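Convention: sequence-line order gives letters A, B, ...; per-chain numbering from 1. Below, each value reflects all heavy atoms present in this structure, side chains not excepted, and no hydrogens, waters or symmetry copies. Keep in mind it's a predicted model, so treat the numbers as computed, not measured.
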2 protein chains.
Amino acid sequence: MAAAAQLDSTFAALADPTRRAILARLASGQRSVLELAEPFAMSLPAVSKHLKVLEHAGLITRAREAQWRPCRLRAVPLADVAEWVEHYRKFWTGSFDRLDVYLRELQKKEKRHERNRKRRKR
Amino acid sequence: MAAAAQLDSTFAALADPTRRAILARLASGQRSVLELAEPFAMSLPAVSKHLKVLEHAGLITRAREAQWRPCRLRAVPLADVAEWVEHYRKFWTGSFDRLDVYLRELQKKEKRHERNRKRRKR
């Protein structure tokens, strides 16, 4: 898959809370489809559908050898997501910095206001 | 928006190469819809549709004051993506580490093989 198409299918696969929850569970080790289905109020075919989307995106692999075909996390596409989003880090750290500056200015103004009020009261 | 629903709409918005390209262009400064449409072989309504998806996901804002309504990047949802993906970092660095170990073992074996071959030649 080309890089852009791979990112498309990774992001699309991640745009679902059930699929993200499945990945979170696989982070603690391989699981059978039955085990993965357990915490969800969902039919087995519905869970299988989610697993197919994850497998197509290369985010999980399913063992061919064992009869219970355990699912395993495959993190390589997530490394691409991390690399992609890293280009934008300066923007959110920047906005947090600006928010910091703004809050500090606000505190200074309030202190000044408070001092003036006390002065007027005397 | 709840955190999960926000991640859903962020990931869905990012699952398209045109929308990612729009964000990349906005990283160098605000742009009008016309300017954003320029590099794409796409009708204005098609570009507007993409902008609506990005705006709904909170990834861009559109100025209300100016008549040309410039679009601006809003990186806060990307910070959430970075935080989400960070939980999985140990998995891909882990696999790279394992690859490193494997390659080092391979080099050692080759060196040993090379030494044995030279010894036999003498």
Exercise for review: Without swapping roles, check the side chain of B/Arg89 against the backbone of A/Ala82 for a donor-acceptor pair under 3.5 Å.
Suggested key: no

Practice item. Under 4.5 Å heavy-atom distance to chain A, tell me which part of B/Ala13 shows up: side chain, backbone, both or neither. Key: neither

Exercise for review: Could you tell me whether the side chain of B/Leu14 reaches within less than 4.5 Å of the side chain of A/Trp84, counting heavy atoms only?
Suggested key: yes

Review point. Heavy-atom count around A/Glu86 CD within 6.0 Å, excluding the residue itself: above 12?
Key: yes

**Study point:** Over 12 foreign heavy atoms within 6.0 Å of CD, B/Glu35
**Key:** yes

**Study point:** Side chains of A/Trp92 and B/Leu78 in contact at under 4.5 Å (non-hydrogen atoms)
**Key:** yes

Point to revise | Partner set under side-chain contact (heavy atoms from CB on, under 4.5 Å) for A/Thr61, not counting sequence neighbours | key: A/Arg72, A/Arg74

**Study point:** hydrophobic_cluster_shared for A/Val53 and A/Val81, side chain cutoff 4.5 Å
**Key:** no

Practice item. Decide whether A/Trp68 and A/Leu44 are clustered together by the hydrophobic rule: side chain heavy atoms of Ile, Leu, Val, Met, Phe, Trp, Tyr closer than 4.5 Å, transitively. Key: no

Revision key, fill the gap. Between the CZ atom in A/Arg19 and the CG atom in B/Asp8, the distance rounded to the nearest 0.5 Å is 9.0 Å

Review point. Contact part of B/Leu73 toward chain A, heavy-atom cut-off under 4.5 Å: side chain, backbone, both or neither?
Key: side chain

Study note, to complete from the structure: Closest non-hydrogen contact found for A/Ala75 with B/Phe91 is CB-CB, 3.5 Å

Practice item. Give a yes or no on whether the backbone of B/Ala27 and the side-chain of A/Tyr88 come within a donor-acceptor separation of less than 3.5 Å. Key: no

Review point. Cluster question for you: counting only ILVMFWY and a side-chain heavy-atom cut-off of under 4.5 Å, with indirect links fine, are A/Leu36 and A/Leu34 together?
Key: yes

Check your understanding: Residues two or more places apart in sequence or in another chain: which of them pass side-chain contact (heavy atoms from CB on, under 4.5 Å) with B/Ser43?
Key -> B/Pro45, B/Ala46

Check your understanding: How far apart are the closest heavy atoms of B/Ala12 and A/Ala15, and which atoms are they?
Key -> N-CB, 3.5 Å

